[in-house]
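These notes are about the structure you will find just below.
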2 protein chains.
Amino acid sequence: MAAAGALDRRQRRRQETIEEILDVAVAVMTEQGVAGLTLGEVARRMGIRPPSLYGYFDGKHALYDALFERGWRALQRVLEQAGATGDGADPLTAWREGTAVLVRWAVEHPAHSALMFWRPVPGFTPSARAYEPAVELDAASRVLLVRLRDAGHLAADVDVDRAYRTWTALVGGVISQQLSNAPDEPFESGTFTAVLPDVMDMWLGHHRSNPSAR
Amino acid sequence: MAAAGALDRRQRRRQETIEEILDVAVAVMTEQGVAGLTLGEVARRMGIRPPSLYGYFDGKHALYDALFERGWRALQRVLEQAGATGDGADPLTAWREGTAVLVRWAVEHPAHSALMFWRPVPGFTPSARAYEPAVELDAASRVLLVRLRDAGHLAADVDVDRAYRTWTALVGGVISQQLSNAPDEPFESGTFTAVLPDVMDMWLGHHRSNPSAR
DNA sequence: GTCTATACTACGATAGAC
DNA sequence: GTCTATCGTAGTATAGAC
């Protein structure tokens, strides 16, 4: 039992170090840009030497990969807490609020967002494991979209896939513009996040009256 | 006259070298990502040494700056050629076609677009000179938007600034999603560029019936 | 004037001592 | 587990050949 306790303690300590590395990396990325992350700067802020980081991550890309996965998992979590993926609430409310929560999270986590939504790092491609929560969230969003249609908020013959793609473009556009042009503005009063209600109305109106025909 | 001729010839030669550097840089950025540009790779492809590039550009950032400016100027040019900024055509047609030309140019010039619309390079901020065509295009777009309203295609009391911001978010979103998720698809059959007509209809419909109130 | 040669600093990464 | 030492390559800058 003593050995197991020591192992737990050691593993917990290790986990704490991993968390610290990731937190510091996010801070560096927020200040210097996602591609401006350097292992030297992370090590410097932690008071260790760059090679020591290799005891926790297999290089810089592994760090990006962990941040990519954690970003999607964190987004998943806030959406679940907002009740956006549950079956209880009215689909329309869930859709509207879920979208707002998504955009808020994105602008409040610019470094994660840039890594997740754009691909600013030359050689980096997320692993299948890191991609998993993104795929799950995609599937959950499509399910909710179907419920939105079945509840009569969208035209019965709407092209769900096309409508979903359109929605991602609109929401992604608001996030993109806000982060590129005014990253320091808060969600509530952002130059672009402020038009999110308009954008939602636009999308809902279009798919309520105008079906996918074109 | 002979001296002037020699000077012209020398300057022309120099200009050709500058163009070649920029072309090669775009090729590298297209393959490796905007932040993946290295002077060594540019020099290697041109058959020269990295320090030779300093005779034409004051380092990598100056190269980015020139590409930023040329990108906006090129976009300006194709929009003018499409008649999107002239006074002749119907404002609605000009707006629709101008938007399509913009999106097409963006997806067909991914390296330029990433540099112009996102900010993927850590230390780089475009100079005022490089920004000029972007500002001009912004102003021209707003003028056209006012003409669109005055021609009765938008509600008379529409908030022009807000409508313009919304438009940039929508169009930027389509470009963003297309370039991030399926950069190799052509404009005509792109997963996201294909919904551009829907997005345009949405935006026009919203501002025709629903004024800025909210 | 334009290039090559060379040097300096910083980065990511690995090997091996303690 | 962390360190020092080291490698290869990048961006940058200067000196000097032609």
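Order of the sequence lines sets the chain letters (A, B, ...), proteins ahead of strands, with each chain counted from 1.
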What's the [atom1]-[atom2] distance between [X] and [N], to the nearest Å?
X: B/H61; N: D/dA13; atom1: NE2; atom2: P; value: 11 Å
X: A/K60; N: C/dA13; atom1: NZ; atom2: C1'; value: 12 Å
X: A/R9; N: D/dG1; atom1: CZ; atom2: P; value: 14 Å
X: B/Q32; N: D/dT9; atom1: CD; atom2: P; value: 15 Å

**OP:** Compare all side-chain heavy atoms of A/L37 with those of A/Q32 and state whether any distance is below 4.5 angstrom.
**Re:** no
What class does the angle between the rings of [X] and [Y] fall in, given that below 30° is parallel, 30 to 60° is tilted and above 60° is perpendicular?
X: A/W203; Y: A/H207; result: tilted
X: B/H61; Y: B/F124; result: perpendicular
X: B/W118; Y: A/W118; result: parallel
X: A/W72; Y: A/F117; result: perpendicular

Original post:
Going by heavy atoms closer than 4.0 Å, what residues in residues 44-58 of chain A are next to DNA chain D?
Top reply: A/I48, A/R49, A/P51, A/S52, A/Y56
Original post:
Nearest heavy-atom pair of A/A114 and A/V34: which atoms, and what distance?
Top reply: CB-CG2, 3.5 Å
Original post:
Looking at C/dA13, D/dT12, D/dA10, which one has an atom nearest to any side-chain atom of A/L39?
Top reply: C/dA13
**OP:** Using a 4.0 Å heavy-atom cut-off across all strands, classify A/L63 as base, sugar-phosphate, or nothing.
**Re:** nothing
Subject >> Residue-phosphate contact under 4.0 Å: B/R14 side-chain N/O, C/dT2 OP1/OP2 >> reply: yes
